[in-house]
> 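I have a structure here, written as structure tokens, and I will follow up with some questions on it.
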Amino acid sequence: MIRPATAARFRPGDAVRVPNVEKKGHVRTPEYVKGKRGRVTGILGGFPDPESLAYGGAGLPEKPLYRVCFRQTDLWEGYAGPPGDTLHVDIYEHWLEPAIEES
Amino acid sequence: MSENGHEHEHGHPHAEPKHETSPWAARIRAVEELLAEKGILTHEEVEAQIEYMEARSYENGARLVARAWTDPGFKELLLRDTKAACSQLGIDASGTVEFVTVENTPATHNLIVCTLCSCYPRAILGRPPDWYKSPAYRSRAVVEPRAVMREFGLEIPEDTSVSVHDSSADVRYLVLPMRPPGTEGMTEDELADLVTRDCLVGTAVPREPARV
Amino acid sequence: MTGIHDMGGRREEFGPVDKSQHELEDWERLADAVNYVLNAKGHKTTDEMRRAIESLREYREMSYYERWAAAAEALVVEKGLLTQEEIDERAAALERRWESG
């Protein structure tokens, strides 16, 4: 963690899913991870909410920001690389929901 | 020293411009003049910011890498707290932006991109290269990183995983590359010379020095 | 609908990465610096800037610092720091001066 975070909902190792929803305004969650499952690898800390900052707001309360790891083969159909290749995106807590663990 | 080996003098930004090719050249000058006239900013503040950015280059990153290669304690600090590591080398990376350094290993090669804009660790490395800001790099680095790196002449073996980092939010990433073989006994400055700008983004790796 | 700026994975739209580097012009350094100074002095935030850039109708046709210049202009007008009329007027005057000079 590089900044202190308020009570964080997820822990490293948690399986998460990015909700596949459209949201108007300024969003820092890239389209290509929407609806995809990943795993939390770290908590970066609490940061002002960019969706509020972008319109002159104070961005409060701060949102926990997570490092989320996705398997490339889960993101792209026909991914041209070995199954171990990963993609890491920083995602604010309100853009994550718990995912059911795969057995 | 700039990266192609010679200095570029930049004109005084308030001197009469030459060869300004964009209609936005006059518009941003108009904005800056008017803001200064209204006391919202001063020409001196703008000048100081230009100097600040001109003073930054990937060579700061090369120094961080060379020190990390020669000092395990520093490497641990760089990976845990990049700002603190910068501060130890006299690199001013203070400010609200956060930095994370990711380490290349025989098992993992890291590649940095920003798909939503062009986030880059500017306070450390200076302005990003044009290709980093290009739609081609921003769109393709996440979906076909190996093909993109191949275009840069970098082939990552199949038994090394590629980790792509999309710096979508408040953190800027830089890569700590692996120290190449054949560099035992080299000084820190000599090691820093092996680290190019692209090594710090992940589109290149430091090469073993050519035998003279 | 994916925003114009949200480029990740849209590989079919773009070819090989062009690795050539252009020499920065003075106005580009100025656009860069004006934005940083306005942020540092609390007149706008990085996210307002990103939002303004994403909202540019000509996003794809503009160069990187053209987007910065355009977004800075839009934000100083939005925030009431300057009016569109005074910017237009001053820019036209500068253009005239450069052409005659």
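In what follows, every heavy atom counts, from backbone to side chain, and hydrogens, waters and symmetry copies are set aside.
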> Taking atom CD of C/E78 as the centre, does the number of heavy atoms from other residues, nucleotides or ligands within less than 6.0 Å exceed 12?
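Above 12, so yes.
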
> Compare all side-chain heavy atoms of C/E54 with those of B/C117 and state whether any distance is below 4.5 angstrom.
no

> Is a donor on one side and an acceptor on the other found under 3.5 Å between the side chain of C/K41 and the backbone of B/I40?
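Yes, because the side chain of C/K41 sits within donor-acceptor range (under 3.5 Å) of the backbone of B/I40.
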
> Are C/L38 and B/L35 close enough that some pair of their side-chain heavy atoms sits under 4.5 Å apart?
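Yes; the side chains approach each other to less than 4.5 Å.
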
> Hey, which of C/V77, C/D88, C/D6, C/L82 has the most heavy atom pairs under 4.5 Å with chain B?
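Heavy-atom pairs under 4.5 Å are most numerous for C/L82.
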
> Taking B/W131's backbone N and O only, do any of them form a donor-acceptor pair with C/D18's side chain (distance below 3.5 Å, no angle check)?
no

> Is it true that C/E95 and B/R27 have a side-chain N and a carboxylate O under 4.0 angstrom from each other?
no

> Among C/M7, C/E12, C/R50, single out the residue with the greatest number of heavy-atom pairs under 4.5 Å to chain B.
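The answer is C/M7.
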
> For C/V17, is it the side chain, the backbone, both or neither that has a heavy atom under 4.5 Å from a heavy atom of chain B?
both

> What are the two closest non-hydrogen atoms of B/A30 and C/R90, and how far apart are they?
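That closest heavy-atom pairing would be CB-CG, 3.6 Å.
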
> For a quick test of reading the model, state the closest non-hydrogen atom pair linking C/W27 to B/S22 and the distance between them.
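It is CZ2-CB, 3.5 Å.
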
> Of all heavy-atom pairs between B/D130 and C/Q21, which one has the smallest distance, and what is that distance?
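The pair with the smallest heavy-atom distance is N-OE1, 2.9 Å.
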
> Apply side chain to side chain donor-acceptor pair (under 3.5 Å) to C/E13 and list each qualifying residue two or more places apart in sequence or on a separate chain.
C/R10, C/R60

> Testing the 3.5 Å rule here: is there a donor-acceptor pair between the side chains of B/R127 and C/Y64?
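No pair is found: no donor N or O on one side chain lies under 3.5 Å from an acceptor on the other.
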
> Report, by ascending residue number, the residues of residues 135-151 of chain B in heavy-atom contact with chain C at a distance under 4.5 Å; give 'none' if the set is empty.
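From residues 135-151 of chain B, the residues near chain C are B/P135, B/A136, B/Y137, B/R138, B/S139, B/R140, B/V142, B/V143, B/E144, B/V148, B/E151.
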
> Do B/R122 and C/D32 have side-chain heavy atoms sitting under 4.5 Å apart?
yes

> Looking at CD of C/E73 and CH2 of B/W24, how far apart are the two atoms once the value is rounded to the nearest 0.5 Å?
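It is 5.0 Å, given to the nearest 0.5 Å.
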
> Do the side chain of C/E86 and the main chain of B/L34 share a donor and acceptor less than 3.5 angstrom apart?
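The answer is no, because no donor-acceptor pair under 3.5 Å joins these two groups.
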
> Applying side chain to side chain donor-acceptor pair (under 3.5 Å), name anything that partners C/N35, two or more places apart in sequence or on another chain.
C/K44

> Among residues 171-179 of chain B, which ones touch chain C with a heavy-atom distance under 4.5 Å?
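The list, in residue order, reads B/R172.
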
> Would you sort out whether C/D26 and B/R29 count as a side chain to side chain contact (heavy atoms under 4.5 Å, CB included), showing the intermediate values?
CA-CA 10 Å; C/D26 285 343; B/R29 269 168 212 283; 3.6 Å; yes

> Specify the closest pair of heavy atoms between C/L94 and B/A26, including all atoms of both residues, with the distance to one decimal.
CD1-O, 3.5 Å

> So what's closer than 4.5 Å to chain B heavy atoms on C/S63: side chain, backbone, both or neither?
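No part of it gets close to chain B.
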
> If you round to the nearest 0.5 Å, how far is CD1 of C/I87 from CD1 of B/I28?
9.0 Å

> For C/K19, which atoms come within 4.5 Å of any heavy atom of chain B: side chain, backbone, both, or neither?
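Both parts, backbone and side chain.
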
> Check whether C/I53 gets within reach of chain B through its side chain, its backbone, both or neither, counting any heavy atom under 4.5 Å.
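Looking at C/I53, nothing touches chain B.
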
> Between B/A169 and chain C, which part of the residue has a heavy atom less than 4.5 Å away: side chain, backbone, both or neither?
backbone

